[in-house]
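Values reported hereafter were calculated over all heavy atoms of this structure, with side chains retained and with hydrogens, waters and symmetry mates removed.
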Amino acid sequence: MTNSPYRVLTLAACVVTFVGLAGRADAHHRDFTFLRDWFLPYAGENEIESRTSYIDSMRSFSQEFEYEYGVSEHFAIEPGIEFHQQTGEDLHLEGWDTELRFNFGEFAYNQILPALNVEYEDPSARGEPSRGELKFISSYFTPAGENYSVNFNIGQELSGPKEKESEVLFGYARGLGSARESSVGYQTGWRGGFESMFDFNEHFLAAGPVVIYRVEKDFNALATVMFPLNKTDQQHTALKLIMEWEF
């Protein structure tokens, strides 16, 4: 697969074909690709996500597949695997991760809703130490279908030099054009907004538009292009595409 990065997208398309046959769903859909918000799957609900990322400066592709299950109304578990490819490499297994997702309180408009994600990453396939991360999440929804969300992420390697990293992200999304209001505050049809992030370790600031299209009740697609806003050694433009199916 050397020098054939589009095979990553082909792999994602195969999953689309398979999972698209799944049954009905009532899930809340993502509004952001880099951020999380307060919503979780309903208790007993299943979700599969395909996440495709591309970083232009390194010509680097990553393809993740994650399965999410709503254990209760306020707790979900999300294991996943990641494949990676960049110039001169074959597509290969990068590692796996498990994320425990919690939210607190009951949904309501015009109030701050907190949530917490606890993530364990094992990138041993590429010879790196395991890593843990806490994601502190706050969301604010309005009756007009607006979503304001903030994430504060703190991560650390669990062995070796135990390097730390932290970042803050902010996103905003709302319905566009023919968006239709749902009974739980989300809208079907087109949505749009922006995402932004600041990395405290690398002092890297980036932002860009997000476009979301809820194709039908159980299928949602969204994409973000994140542009660097300052000059650092880590500056790059990143594209991220997510497709999600609930059943």
Side-chain angles (χ1 to χ4, degrees), residues 9 12-13 15-16 19-20 22 24-42 45-54 64-66 68 70 76 78 99 101 103 105-115 117 135 137-151 153 168-197 206-227 229 237-247:
L9 299 178
V15 175
V16 173
V19 181
R24 65 179 293 276
D26 297 313
H28 305 289
H29 293 274
R30 292 186 70 143
D31 269 338
F32 308 108
T33 62
F34 289 90
L35 285 85
R36 290 288 196 172
D37 63 25
W38 179 84
F39 280 118
L40 301 178
Y42 293 112
E45 186 174 57
N46 301 277
E47 177 181 306
I48 291 179
E49 280 190 2
S50 166
R51 305 180 191 175
T52 305
S53 304
Y54 175 69
E64 301 173 71
F65 295 107
E66 296 202 338
E68 187 169 8
E78 185 172 342
E99 195 164 359
R101 303 185 58 201
N103 67 15
E106 300 301 324
F107 175 79
Y109 292 117
N110 299 326
Q111 74 176 44
I112 296 175
L113 301 172
N117 288 9
K135 299 179 181 180
I137 300 162
S138 293
S139 294
Y140 184 91
F141 302 93
T142 73
E146 297 171 300
N147 180 350
Y148 300 84
S149 288
V150 177
N151 292 182
N153 303 337
V168 61
L169 303 96
F170 173 71
Y172 169 78
R174 64 166 299 143
L176 300 174
S178 62
R180 300 176 300 280
E181 182 72 25
S182 74
S183 61
V184 291
Y186 267 44
Q187 296 172 328
T188 58
W190 288 100
R191 293 175 60 78
F194 71 91
E195 298 187 67
S196 60
M197 66 168 292
V210 57
V211 177
I212 311 108
Y213 185 60
R214 186 168 178 171
V215 181
E216 56 184 351
K217 196 172 186 180
D218 56 358
F219 177 63
N220 191 49
L222 58 163
T224 300
V225 182
M226 192 82 83
F227 300 100
L229 300 182
T237 299
L239 167 67
K240 194 165 187 177
L241 169 67
I242 293 181
M243 293 177 285
E244 55 179 349
W245 305 263
E246 291 86 5
F247 56 98

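Annotation for Ile112: atom CD1 does not count as buried by contact number, only 12 or fewer foreign heavy atoms lying within 6.0 Å.
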Report the C-alpha distance between Val150 and Leu169 in whole Å, list the side-chain angles of each, state the deciding distance to 0.1 Å, and finish with yes or no for side chain to side chain contact (heavy atoms under 4.5 Å, CB included). CA-CA 6 Å; Val150 177; Leu169 303 96; over 6 Å; no
Set out, in order, the CA-CA distance, both residues' side-chain angles and the distance that settles side chain to side chain contact (heavy atoms under 4.5 Å, CB included) for Phe32 and Thr224, then state yes or no. CA-CA 8 Å; Phe32 308 108; Thr224 300; over 6 Å; no
Before you tell me yes or no, could you show the steps for Glu78 and Arg51 under salt bridge (Lys or Arg N to Asp or Glu O under 4.0 Å), namely the whole-Å CA-CA distance, both residues' side-chain angles and the distance that decides it to 0.1 Å? CA-CA 13 Å; Glu78 185 172 342; Arg51 305 180 191 175; 2.7 Å; yes
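Considering only residues two or more places apart in sequence or on other chains, Phe34 meets the ring pair (Phe, Tyr, Trp, His ring centres under 6.0 Å) condition with none of them. Listed by chain and residue number, Leu241 satisfy the side chain to side chain contact (heavy atoms under 4.5 Å, CB included) test with Ala223 (two or more places apart in sequence, or in another chain).
In terms of heavy atoms, Ile212 sits closest to Ala173 at CD1-CB, 4.3 Å. Nearest heavy-atom pair across Arg101 and Phe39 is NH2-O, 3.2 Å. Among all heavy-atom pairs drawn from Leu40 and Ala76, the shortest one is CD1-N, 4.2 Å. Minimum heavy-atom separation, Asn220 to His29: CB-ND1, 2.9 Å. Summarising the geometry of Met243 relative to Ala221, their closest heavy-atom pair is CG-CB, 4.2 Å, with the distance given to 0.1 Å. Here the closest non-hydrogen pair linking Lys240 and Ser53 is CG-OG, 3.6 Å.
Classification of the Tyr140-Tyr148 ring pair by plane angle, with boundaries at 30° and 60°, yields perpendicular.
A donor-acceptor pair under 3.5 Å links the side-chain atoms of Ser196 to the main chain of Phe170, judged by distance alone. A donor-acceptor distance shorter than 3.5 angstrom exists from the side chain of Asn151 to the backbone of Arg36, with no hydrogens or angles considered. With Arg191 contributing its side chain and Gly145 its backbone, the two residues share a donor-acceptor pair below 3.5 Å. With hydrogens and angles disregarded, no donor-acceptor distance shorter than 3.5 Å links the side chain of Glu246 to the backbone of Glu45. Between the side chain of Asn117 and the main chain of Lys135, no donor-acceptor pair closer than 3.5 Å is present. At distances below 3.5 Å, at least one donor-acceptor pair connects side-chain atoms of Glu195 with backbone N or O atoms of Thr33.
Ion pairing of Glu66 with Arg30 is absent here, as no side-chain N (NZ or NE/NH1/NH2) approaches a carboxylate O to less than 4.0 Å.
From Ile48, atom CD1 reaches atom CD of Glu68 across 11.5 Å, with rounding to the nearest 0.5 Å. A distance of 10.5 Å separates OH in Tyr213 from CZ in Phe219, rounded to the nearest 0.5 Å. Atom CG of Leu113 and atom CD of Glu106 lie 9.5 Å apart (nearest 0.5 Å). Between the CG atom in Leu35 and the CE atom in Met197 there is a gap of 9.5 Å [rounded to 0.5 Å]. In this structure, Asp31 CG and Asp37 CG are separated by 6.0 Å, a value rounded to the nearest 0.5 Å. Considering CG of Asp218 and CD of Glu216, their distance stands at 4.5 Å, rounded to 0.5 Å.
Taking the centre of each ring, Tyr109 and Phe141 stay at or above the 6.0 Å mark.
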